[in-house]
Visitor: 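Below: one structure in structure tokens.
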Amino acid sequence: MKQRVSALLREKLGREVVLEKPRDRSFGHFATPIAFSLAKELRKSPMVIAEELAASFGDVEEFASVESVKGYLNFRLSENFLAEYASWALQNPAEFATQKKNQKILLEFVSANPTGPLHIGHARGAVYGDTLYRLAKHLGYDITAEYYVNDAGNQIDLLGLSIQLYAREHILGEDVEYPEAYYRGEYLEDLAQGAIEKFGKEIFSDESRQKELAMWAKDEVMKIIVKDLGDTNIFFDTFVNESGLYADWDRVMQKMGDGVYEKDGKVWIASEAKGDDHDRVVVREDGRPTYLAGDIVYHNQKFERGYDHYINIWGADHHGYIPRVKAAIEYLGYDSSKLEVLLSQMVSLLKDGEPYKMSKRAGNVILMSDIVEEIGADALRFIFASKKSDTALEFDLAEFKKQDSSNPIFYIQYAHARIQTLLSKAEVSKDEIANASLKNLGEQADTLLFDALLLPEVVDDAFHSRQVQKLPDYLKSLAASLHKFYYDVRMIGTPDEAKLLKMLQVVALSLKTGLALMGIEAKNRMTKEEE
RNA sequence: GCGUCCGUGGCUCAACUGGAUAGAGUUUCGGAUUUCGGCUCCGAGGGUUAUAGGUUCGAAUCCUAUCGGGCGUACCA
């Protein structure tokens with residue numbers, strides 16, 4: 001819709017114009033401040049230019065009116081145009097807001113270490129990533145969701161050790177001394193029990209078998225992680241294991257050429273020359289590659305697989321890591337601007353206004369699965385998708401347990417359900433609704449219809465600006481318009497019933513499509529929450 | 001110290017990326033409706049957009065400085 005208007009203006013004015021939604025709908029459907037930017041080169045006042053431009057439009061089929069107000073150019077779409085577009089959307093719901101795109105994108109996100117269940121910080125990145133993924137898919141991109149499994153390095157050894165220590169204390173009843181760093185949490189109990197079945201109790205007391213235990217355990221932990229993600233409607237296309245990458249290290253190191261050098265018995269990458277604070281070690285004195293080496297091989301592999309664009313979603317605590325990875329990509333001979341790193345910020349939780357108590361059994365973190373259990377996956381997704389990912393976030397769990405307008409999920413779902421209820425009570429037939437004309441709806445219904453038809457613009461904008469919160473914001477405001485309309489206008493049994501219900505079908509389509517893009521299923525009926 | 005993200009009603013967040021009167025929810029108070037609803041709708045109150053300058057037709061948004069906060073500053077991942 002916007003593209004169509006945009007194209008019209010480009011044709012008319014011979015340049016790209018900024019198109020925006022006026023704050024006040026009485027100004028029209030779309031507006032542009034183009035006259036202001038033209039004022040300087042034409043040496044005329046913006047008002048005059050706007051007047052002239054408005055007059056020059058004359059009769060265009062798509063517009064009911066073009067007006068100039070205080071230098072702005074305001075467009076009102078014609079009923080014909082809106083009605084046709086709406087009917088098309090109802091007949092082609094799958095294509096609503098979709099377009100074929102010829103771009104391959106690799107999206108890497110979550111990538112949490114397989115040393116324990118996901119916590120609340122991971123959840124934010126996971127929801128952000130998955131929402132972007134759904135948006136891109138819907139927009140027609142060829143996008144792949146990938147999880148990088150850090151199944152090598154010290155933290156895996158630590159996992160083996162942690163299970164042994166846990167089992168020796170709680171299962172074998174020994175006195176054990178814990179080192180400074182080790183993992184804790186209820187999941188260790190399950191892992192220990194599983195290990196007994198698999199290996200027998202002896203494995204806990206044999207330090208030389210720590211590695212064996214760890215390699216088994218990290219796969220088990222990955223199963224937990226994949227389940228947690230699945231419970232939240234998040235799925236990955238591919239998993240890449242860090243441990244499988246190091247075999248390729250020598251070749252990749254060669255490939256970087258002058259980008260790496262030897263000094264003090266170690267191998268360094270000359271990242272400072274590419275904007276990093278200083279050069280970094282990639283191979284230690286004892287010959288073991290560092291974590292960075294693994295990431296370099298991984299990114300080389302990504303580029304060799306050949307995508308047009310790469311998106312990584314990292315926790316904000318990794319932001320200092322970006323320059324060195326970009327440096328490596330350039331030494332490998334690739335265009336580092338193809339890699340886009342999005343950061344997701346920290347999360348803190350409130351419950352009834354008080355800081356959320358850390359779960360004791362989980363050690364010192366809040367588990368994603370606990371939150372899902374408490375408020376449901378839909379609410380969790382909604383919260384994290386609702387806020388800009390680059391700002392720190394605080395939220396109150398209590399807000400999402402209520403059944404009223406303060407709970408946006410309930411509010412939106414209720415809007416959708418209300419429409420379904422009305423449709424089921426309709427006194428006119430399905431055919432009558434389908435064949436109804438969407439013209440002469442009246443101003444309020446017209447506005448609602450227009451709002452519903454904005455979904456494609458919102459989806460497009462949300463993805464390209466990487467600001468997924470625009471989608472839930474839009475859904476909230478669409479739901480509000482619907483509730484207001486429902487309150488103001490009686491539909492069943494009136495002469496306009498068929499056309500109004502048809503209009504509501506468009507609203508329902510946008511709500512349902514929008515919710516699906518957030519990984520949430522639209523409900524046809526609100527059910528009381530069982531205690 | 002340096003890097004980086006940020007600072008918007010009492011609280012949690014928006015603001016179409018430089019546009020029209022800075023908007024929602026929550027809280028408080030008052031009203032309306034009761035077309036399946038435990039809902040829903042309307043109104044009122046609340047703002048020098050951290051502070052001070054600058055850029056221009058126009059700034060919450062861009063630039064500079066100051067103040068305050070998060071994160072980072074590993075041969076850990």
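Order of the sequence lines sets the chain letters (A, B, ...), proteins ahead of strands, with each chain counted from 1.
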Visitor: Tabulate atom names and distances for all N/O pairs under 3.5 angstrom spanning the protein and nucleotides 55-61 of chain B.
Guide:
{"residue": "B:rC57", "atom": "OP1", "partner": "A:Lys40", "partner atom": "NZ", "Å": "3.1"}

Visitor: With under 30° as parallel and over 60° as perpendicular, where do the rings of A:His299 and A:Trp314 fit, or are they tilted in between?
Guide: perpendicular

Visitor: Want to know the stems of RNA chain B: at least 3 consecutive Watson-Crick or G-U pairs with distances under 3.5 Å, which are they?
Guide: B:1-7 with B:67-73, B:10-13 with B:23-26, B:28-32 with B:40-44, B:50-54 with B:62-66

Visitor: Give a yes or no on whether a donor-acceptor pair under 3.5 Å exists between the nucleobase atoms of B:rG72, that is its base, and the side chain of A:Tyr321.
Guide: no

Visitor: Can you tell me how far C1' of B:rC41 sits from CD of A:Gln444, to the nearest Å?
Guide: 11 Å

Visitor: For A:Ala152, report the nucleic acid contact type (base, sugar-phosphate, nothing); a contact means any heavy atom under 4.0 Å.
Guide: sugar-phosphate

Visitor: If the plane angle is over 60° it's perpendicular, under 30° parallel, otherwise tilted; pick one for A:His483 and A:Tyr411.
Guide: tilted

Visitor: What contact category does A:Val149 fall into here, base, sugar-phosphate, or nothing, at under 4.0 angstrom with non-hydrogen atoms?
Guide: nothing

Visitor: For A:Asp277 and B:rC2, what is the distance between atoms CG and C1' respectively, to the nearest whole Å?
Guide: 8 Å

Visitor: If we take the C1' atom in both B:rG54 and B:rC11, what is their distance in whole Å?
Guide: 34 Å

Visitor: I need the A:Thr131 OG1 to A:Gln469 CD distance, nearest 0.5 Å.
Guide: 11.0 Å

Visitor: Check the interface with nucleotides 45-47 of chain B: list each N/O to N/O pair with the protein under 3.5 Å, or write none.
Guide:
none

Visitor: Measure from the side chain of A:Tyr487, starting at C-beta and using heavy atoms only, and say which of B:rC36, B:rA32, B:rA20 lies closest.
Guide: B:rA32

Visitor: Let me know the distance between NZ of A:Lys470 and C1' of B:rU17, rounded to the nearest Å.
Guide: 7 Å

Visitor: Scan A:Arg288 against the nucleic acid and name what it touches under 4.0 Å (heavy atoms): base, sugar-phosphate only, or nothing.
Guide: nothing

Visitor: Is there aromatic stacking of A:Tyr486 on B:rU35 here, judged by a ring-centre distance under 5.5 Å and a plane angle under 30°?
Guide: yes

Visitor: Between P on B:rU35 and CG on A:Asp496, what's the gap in Å once rounded to a whole number?
Guide: 21 Å

Visitor: Quick check for you: to the nearest 0.5 Å, what is the distance between A:Thr290 atom OG1 and A:Trp268 atom CH2?
Guide: 10.5 Å

Visitor: With the side chain of A:Phe410 defined as its heavy atoms from C-beta on, choose the nearest nucleotide among B:rU40, B:rA77, B:rG19.
Guide: B:rU40

Visitor: Ignoring hydrogens and angles, does a donor from either the side chain of A:Asn74 or the base of B:rA20 sit under 3.5 Å from an acceptor on the other?
Guide: yes

Visitor: If you apply the rule side chain to side chain contact (heavy atoms under 4.5 Å, CB included), what do you find for A:Leu501 with A:Leu422, and how did you get there?
Guide: CA-CA 8 Å; A:Leu501 289 177; A:Leu422 281 172; 4.2 Å; yes

Visitor: Please give me the minimum heavy-atom distance between A:Gly129 and A:Ile313, naming the atom from each residue.
Guide: CA-CD1, 3.3 Å

Visitor: Side chain of A:Glu20: nearest nucleotide among B:rG37, B:rA20, B:rA14?
Guide: B:rA20

Visitor: What integer number of Å spans the P atoms of B:rG31 and B:rG69?
Guide: 46 Å

Visitor: A:Tyr474 side chain N/O closer than 4.0 Å to the phosphate oxygens (OP1, OP2) of B:rA15?
Guide: no

Visitor: For A:Leu73 and for A:Thr290, find the nucleotide of RNA chain B with the closest heavy atom, then tell me which residue's nucleotide is more 5'.
Guide: A:Leu73

Visitor: Using a strict 4.0 Å threshold on nitrogen-to-oxygen distance, state whether A:Arg280 and A:Glu272 make a salt bridge.
Guide: no

Visitor: Rounded to the nearest angstrom, tell me the gap between atom CZ in A:Arg418 and atom C1' in B:rG37.
Guide: 8 Å

Visitor: Just compare B:rA15, B:rG19, B:rU40 and give me whichever is closest to any side-chain atom of A:Pro33.
Guide: B:rG19

Visitor: One thing to verify: whether A:Arg466 and A:Glu340 come together as a salt bridge, which I'm taking to mean a side-chain N less than 4.0 angstrom from a carboxylate O.
Guide: yes

Visitor: Please round to the nearest 0.5 Å and tell me the distance separating atom OG1 of A:Thr494 and atom NZ of A:Lys499.
Guide: 10.0 Å

Visitor: Evaluate the ring planes of A:Tyr291 and A:Tyr321, with Trp represented by its six-membered ring, and classify them as parallel (under 30°), tilted (30 to 60°) or perpendicular (over 60°).
Guide: tilted

Visitor: Has the side chain of A:His319 got a donor or acceptor that lies under 3.5 Å from a partner of the other kind on the base of B:rC71?
Guide: yes

Visitor: Over all strands shown, is A:Ser465 touching base, sugar-phosphate only, or nothing at heavy-atom distances under 4.0 angstrom?
Guide: base

Visitor: More than 12 foreign heavy atoms under 6.0 Å from NZ of A:Lys326: is that the case here?
Guide: yes

Visitor: Can you say whether the rings of A:Tyr72 and A:Phe36 are parallel (under 30°), tilted (30 to 60°) or perpendicular (over 60°)?
Guide: perpendicular

Visitor: Ignoring hydrogens and geometry beyond distance, is a side-chain donor-acceptor pair present between A:Glu51 and A:Ser68 at under 3.5 Å?
Guide: yes

Visitor: Look at the side chain of A:Asn150 and decide which nucleotide, out of B:rA77, B:rA14, B:rG19, has an atom nearest to it.
Guide: B:rA77

Visitor: Nearest to the side chain of A:His483, which nucleotide is it out of B:rU35, B:rC39, B:rC41?
Guide: B:rC41

Visitor: Once you round to the nearest 0.5 Å, how far does CD of A:Glu67 lie from CZ of A:Phe75?
Guide: 11.0 Å

Visitor: I'd like to check, for A:Tyr72, whether its ring lies over the base of B:rA20 with centroids under 5.5 Å apart and a plane angle smaller than 30°.
Guide: yes

Visitor: Among B:rA15, B:rU35, B:rA20, which is the nearest nucleotide to the side chain of A:Gln467?
Guide: B:rA15

Visitor: So, is B:rU17 syn or anti if syn means the angle is within 90° of 0?
Guide: syn

Visitor: How long is the line joining CD of A:Gln420 and P of B:rC36, in whole Å?
Guide: 14 Å

